[in-house]
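The chain is numbered in sequence order, starting from 1. Just follow the structure's listing: the first ligand is 1, and inside any ligand the first atom is 1.
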Amino acid sequence: MSVKKIAVLTSGGDAPGMNACIRAVYLAARNEGIDVIGFQHGYNGLLKRDYVEFAHKDIRNLIQRGGTVLYSARCEKFHKEEHRKKAASYLEELELDGLIVIGGNGSFKGAELLQQIWNKPVIGVPGTIDNDIAGTDYTIGYHTAIQTAVESIDKVRDTADAFERIFIVDVMGRDAGFIALNSAIAAGADHVVLPETFESAGDELVRILDKLDQRRKNHANSSHIIVITENLWPGGLNILCDSLQSETGVETRILTLGHVQRGGSPVWQDRILATKLGAYAVEMVMNNERGRMAGIRHRYPESVPLENSREDRKPLNHYSMSMLDKITLLG
Ligand code: F6P
């Protein structure tokens, strides 16, 4: 198949490294003499024919920038078939030979449905801080989000130590514990609460109090850092905070990291991942692959059916899980 013009868009939660991926798509495509346009604001830009024609000047100084120059959005309209049909006919009118969608699970669902009605390659590139996409070891933005969380936990530990307080650090991840688990390990937190292992608030509270007791046996300082995945604690973190304070008598505070985890300059792991996957996605279009994702396995790109990207819950690293108790108790 002769490919002359392709489009790229970023959709869903923005992630550091999306710009590096756009840059790689452009450079890899231009190297093959292929023109690249970018739809703005995710699928909304596709529906409104709101796009930019990329030129070399647009991708200069881009690899290190957070956010996405194409803007991002979640597109309600794309859930409806009539709008997807419109999108497919615009893609035809614009004489496009392929579409690359950089985004997460929701964006891939849209890509899969679009592929069913458009007869040219639609390729997904996993871009989300949550790392919750099956079929790929990592997603673009995940490493930077961990780095941001680790730096924040390191800082809050200073004040936790000074005041001998308990801090509950709420990190993103949607329904997945990747950011929580790895930021907790890297920052040497005392306890981590993960959606993958959480059973009930009662059981978890017992576990946290147990850890606190054990830590106090080893350390005079009663400061304690608990990392928890967002939206996990039934009724919200104030409930956990109050319980800890009344059970221990130790002042307890909540730190919600929130959207700062989505921002900032991508760390090298995300830049390289984004560059590999962007270039590989262009190859996939040229190979006329349909409805697939550019994933990464053991540092090499791999073509994966889009539907496999939303298989059952992607597992956390078993070894990291098994060593958690051993390493957190040493504090
Ligand atoms: O998927 C990325 C993510 O940042 C999740 O970690 C988080 O749950 C969600 O998006 C937040 O979405 P919004 O930006 O719409 O508040």
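- A side-chain donor from one of Gln147 and Glu151 sits under 3.5 Å from a side-chain acceptor of the other.
- Contact of the Lys314 side chain with the Thr136 side chain is registered, since non-hydrogen atoms from C-beta on lie closer than 4.5 Å.
- When hydrogens are left out, the protein atom nearest atom 15 (O) of ligand 1 is Arg74 NH1, 2.7 Å; that is the closest non-hydrogen contact.
- Residue contacts with ligand 1, taken as heavy atom pairs separated by less than 4.0 Å, involve Glu230 solely via side-chain atoms from C-beta onward.
- No hydrogens or angles considered: nothing links the side chains of Arg262 and Thr148 as a donor-acceptor pair under 3.5 Å.
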Between side-chain atoms of residues 6-13 and protein atoms elsewhere (two or more places apart, or another chain), which donor-acceptor pairs fall under 3.5 Å?
from  : atom 1 : to     : atom 2 : distance (Å)
Thr10 : OG1    : Thr68  : OG1    : 2.9
Thr10 : OG1    : Tyr71  : O      : 2.8
Ser11 : OG     : Ser107 : OG     : 2.8

Show which side-chain atoms of residues 170-185 pair as donor or acceptor with protein atoms under 3.5 Å away, not counting sequence neighbours.
from   : atom 1 : to     : atom 2 : distance (Å)
Asn182 : ND2    : Tyr142 : OH     : 2.7
Asn182 : ND2    : Phe178 : O      : 3.1
Ser183 : OG     : Ile179 : O      : 2.7
Ser183 : OG     : Ala180 : O      : 3.4

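- Protein heavy atom at the shortest distance from atom 1 (O) of ligand 1 is Asp130 OD2, 2.6 Å.
- Summary of contacts: the protein heavy atom closest to atom 16 (O) of ligand 1 is His259 NE2, 3.1 Å.
- Not close to ligand 1: Gly104, with no non-hydrogen atom less than 4.0 angstrom away.
- For atom 11 (C) of ligand 1, the closest non-hydrogen atom on the protein side is Arg262 NH1, 3.6 Å.
- Heavy-atom contacts of Met172 reach the following atoms of ligand 1: 4 (O), 6 (O) (cutoff under 4.0 Å).
- By the 6.0 Å contact criterion, OH on Tyr138 is open, its count of non-hydrogen atoms from other residues, nucleotides or ligands being 12 or less.
- Nearest non-hydrogen protein atom to atom 9 (C) of ligand 1 is Arg174 NH2, 3.6 Å.
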